[in-house]
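In what follows, a structure is listed as structure tokens, so that the remarks can point back to it.
In what follows, every heavy atom counts, from backbone to side chain, and hydrogens, waters and symmetry copies are set aside. The sequence lines fix the lettering, A, B, ..., with proteins before strands; numbering per chain opens at 1.
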Amino acid sequence: MPELPEVETTLRGISAHVLNTPITRITIRNPKLRWPVPDELASLLQQQITKITRRAKYLLLSTDKGTIIIHLGMSGSLRIVDSGTTYDKHDHVEFCFANGNALRLKDPRRFGAVLWTNESIDEHPLLSHLGPEPLSDEFNSELLFALSRNKTVAIKQFIMNSKIVVGIGNIYANEALFASGINPKRAVGKISKKRYEQLCIEIKRILEKAISQGGTTLKDFVGGTGKPGYFKQELLVYGRKGLPCMQCKSPLKEIRQGNRSTVYCTHCQT
DNA sequence: AAAGACACCTGTCCGC
DNA sequence: TGCGGACAGGTGTCTT
């Protein structure tokens, strides 16, 4: 589920419900996530979450005694429920708060993670080698152009590489390349500055649009039944293999790159 | 050094 | 309707 817009939407949806209220209980129902959920989380009892930020797709919940790092993996979601609400089969970790709210991580595939660190967050091994945020000014065509000279890697894998830029998952890589008219297989060293300018514009535009739409379903993060918003109706290539291109009507092609599906238009993307 | 394969896990969908 | 197999929004790590 979670691409960057959903992680950002999650951050916005949960913040008000868990900030500045003491953590009264931490329940680890299943510690077997991507990495074992550390027992040291217990040191956060009675601490308050003072701020929540996001770096790439990691959510960072700050307290005076360290930071909780949460990643949603492929199938994870965070939800606010009343403390005491019946658990779902896949609710693995729960933080209860003095205000009566509980923050629950549900993750059927368990590719997600809940970690804790005491140290400077930028020095954490998972975060220290990450490229810039896609919505920051630091992510721009000059950067992509400079990093791509004399390289042969395919553009799709390049923009999905978190050392180059973070937060661009499979859906938005496909969509941004279609919007930019760039063939996903094109070698990065053979892409002009001009085309990188367009690509950066489209990446930012699409991510921002998705975030703004996610924002319309914030209420769904509270309570038991809602699902995070999705934007299937906005997607022009992802999941549309064989269907007509929205621009030229020729059937979209699917290939695999780095074990991920790529859908594109052989006419419009060159 | 860089590219590719693989690992982690459950749920869902498709074809027979 | 049932069943096996492919595949899924991520990403760190191991192998070429």
Side-chain angles (χ1 to χ4, degrees), chain A residues 1-11 29-37 54-59 69-78 87-93 105-115 117 124-131 133-134 147-178 184-189 203 206-207 209-211 213-214 217 220 227-243 254-263:
Chain A
M1 259 188 230
E3 289 241 14
L4 183 138
E6 272 185 291
V7 178
E8 181 65 28
T9 301
T10 297
L11 184 162
R29 300 184 70 234
N30 185 351
K32 289 188 275 189
L33 301 186
R34 179 152 197 198
W35 296 282
V37 178
R54 176 186 62 70
R55 177 73 175 106
K57 292 172 189 162
Y58 295 95
L59 287 169
I69 302 172
I70 298 178
H71 196 289
L72 300 177
M74 292 275 264
S75 58
S77 61
L78 285 170
Y87 290 114
D88 178 87
K89 179 181 177 185
H90 298 296
D91 287 340
H92 304 312
V93 179
L105 173 70
K106 175 176 179 170
D107 186 4
R109 288 176 75 179
R110 290 191 277 119
F111 289 173
V114 178
L115 298 170
T117 181
H124 192 279
L126 287 176
L127 304 176
S128 59
H129 301 297
L130 295 176
E133 289 290 324
L147 292 177
S148 62
R149 291 311 88 188
N150 300 317
K151 297 207 173 140
T152 58
V153 64
I155 182 62
K156 187 188 178 222
Q157 288 164 288
F158 191 64
I159 61 173
M160 290 183 73
N161 179 347
S162 63
K163 289 179 186 159
I164 305 298
V165 54
V166 301
I168 302 176
N170 199 34
I171 291 179
Y172 293 105
N174 278 297
E175 295 299 315
L177 288 167
F178 175 74
K185 291 190 290 188
R186 180 168 286 275
V188 293
I203 287 171
I206 291 169
L207 288 176
K209 186 168 187 187
I211 290 169
Q213 294 201 10
T217 58
D220 289 337
K227 287 185 191 166
Y230 224 52
F231 334 91
K232 280 217 165 89
Q233 65 278 24
E234 298 276 339
L235 301 177
L236 301 186
V237 286
Y238 182 82
R240 299 194 65 248
K241 164 189 166 186
L243 295 173
E254 180 174 69
I255 59 173
R256 293 196 78 78
Q257 292 180 287
N259 257 339
R260 312 299 301 275
S261 75
T262 297
V263 185

Seminar exercise, completed: With both pairing distances under 3.5 angstrom for Watson-Crick or G-U wobble, and | for a partner in another strand, the correct string for DNA chain C is .|||||||.|||||||

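Spacing between atom NZ of A/Lys156 and atom P of B/dA3 amounts to 16 Å, rounded to whole angstrom units. Here the P atom of nucleotide B/dG4 and the CD1 atom of A/Ile255 are 12 Å apart, to the nearest Å. The nearest whole Å value for the distance from the CD1 atom in A/Ile164 to the P atom in C/dG10 is 17 Å. The nearest whole Å value for the distance from the CG atom in A/Leu127 to the P atom in C/dG10 is 17 Å. Between the NZ atom of A/Lys32 and the P atom of B/dC8 there is a distance of 13 Å, rounded to whole Å. Here the P atom of nucleotide B/dA3 and the CD1 atom of A/Ile155 are 13 Å apart, to the nearest Å. When the P atom of C/dG10 is taken as reference, atom CD of A/Gln157 falls 14 Å away, rounded to whole Å. Across the protein-nucleic acid pair, A/Asn259 atom CG and B/dA7 atom P stand 11 Å apart, rounded to whole Å.
Comparing the P positions of C/dC7 and B/dA5 gives a spacing of 14 Å, expressed to the nearest Å. B/dG11 and C/dT1 are spaced 22 Å apart, taking the P atom of each and rounding to whole Å.
A/Leu177 has its side chain within reach of A/Ile159: a pair of non-hydrogen atoms, C-beta onward, lies under 4.5 Å apart. Contact check for A/Val237 versus A/Thr262: no side-chain heavy atoms found under the 4.5 Å cut-off. The side-chain heavy atoms of A/Thr10 and A/Ser77, taken from C-beta on, include no pair separated by under 4.5 Å. In this structure, A/Tyr172 and A/Pro134 have side chains that are not in contact, with every pair of non-hydrogen atoms separated by 4.5 Å or more. A/Leu105 is listed as a side-chain neighbour of A/Leu33, based on a closest heavy-atom distance under 4.5 Å. Using a 4.5 Å heavy-atom cutoff, the side chains of A/Leu72 and A/Lys57 are not in contact.
An OP1 or OP2 oxygen of B/dC9 is reached within less than 4.0 angstrom by no side-chain nitrogen or oxygen of A/Ser75. Residue A/Lys89 places at least one side-chain N or O under 4.0 Å from the OP1 or OP2 atom of B/dG11. Residue A/Thr152 has a polar side-chain atom (N or O) positioned under 4.0 Å from OP1 or OP2 of B/dA3. For A/His71, a side-chain nitrogen or oxygen approaches OP1 or OP2 of C/dT11 to under 4.0 Å. Between C/dT11 and A/Lys57, a contact under 4.0 Å exists linking OP1 or OP2 to a side-chain N or O. In terms of phosphate contacts, A/Arg256 brings a side-chain nitrogen or oxygen within less than 4.0 Å of OP1 or OP2 of C/dA8.
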For this session: Apply the test side chain to side chain contact (heavy atoms under 4.5 Å, CB included) to residues A/Lys156 and A/Asn170: give CA-CA distance (whole Å), side-chain angles for both, the deciding distance (0.1 Å), then the verdict.
Result: CA-CA 9 Å; A/Lys156 187 188 178 222; A/Asn170 199 34; 2.5 Å; yes

Exercise. Under the side chain to side chain contact (heavy atoms under 4.5 Å, CB included) criterion, do A/Val153 and A/Asn161 qualify, and how do the steps go?
Worked result: CA-CA 11 Å; A/Val153 64; A/Asn161 179 347; over 6 Å; no

For this session: Would you sort out whether A/Arg240 and A/Leu235 count as a side chain to side chain contact (heavy atoms under 4.5 Å, CB included), showing the intermediate values?
Result: CA-CA 8 Å; A/Arg240 299 194 65 248; A/Leu235 301 177; 5.7 Å; no

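Of the candidate nucleotides B/dA3, B/dG11, C/dG10, B/dA3 has the atom lying nearest to any side-chain atom of A/Val153. Minimum atom distance to the side chain of A/Lys151 is reached by B/dA2, of the listed B/dG11, B/dA2, C/dG10. Checking C/dA8, C/dG10, B/dG11 against the side-chain heavy atoms of A/Tyr238 singles out C/dA8 as nearest. In this structure, of B/dT10, C/dT11, C/dA8, it is B/dT10 that holds the atom nearest to the side chain of A/Arg110.
No engagement by A/Gly258 is indicated, since no non-hydrogen atom pair under 4.0 Å with the nucleic acid exists.
Side-chain atoms of A/Asn30 do not come within 3.5 Å of backbone N or O of A/His90 as any donor-acceptor pair. Using a distance-only test at 3.5 Å, with no hydrogens or angles considered, a donor-acceptor pair links the side chain of A/Arg54 to the main chain of A/Ala56.
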Nucleotide N/O of nucleotides 12-16 of chain C paired with protein N/O under 3.5 Å:
unit_1 : atom_1 : unit_2  : atom_2 : d
C/dG12 : OP1    : A/Tyr58 : OH     : 2.7
C/dG12 : O4'    : A/Arg34 : NH2    : 2.9

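If you check distances only, the side chain of A/Arg109 does reach the base of B/dC9 with a donor-acceptor pair under 3.5 Å.
Stacking here means ring centres nearer than 5.5 Å and ring planes tilted less than 30 degrees, and by that measure A/Phe111 does not stack onto C/dT11.
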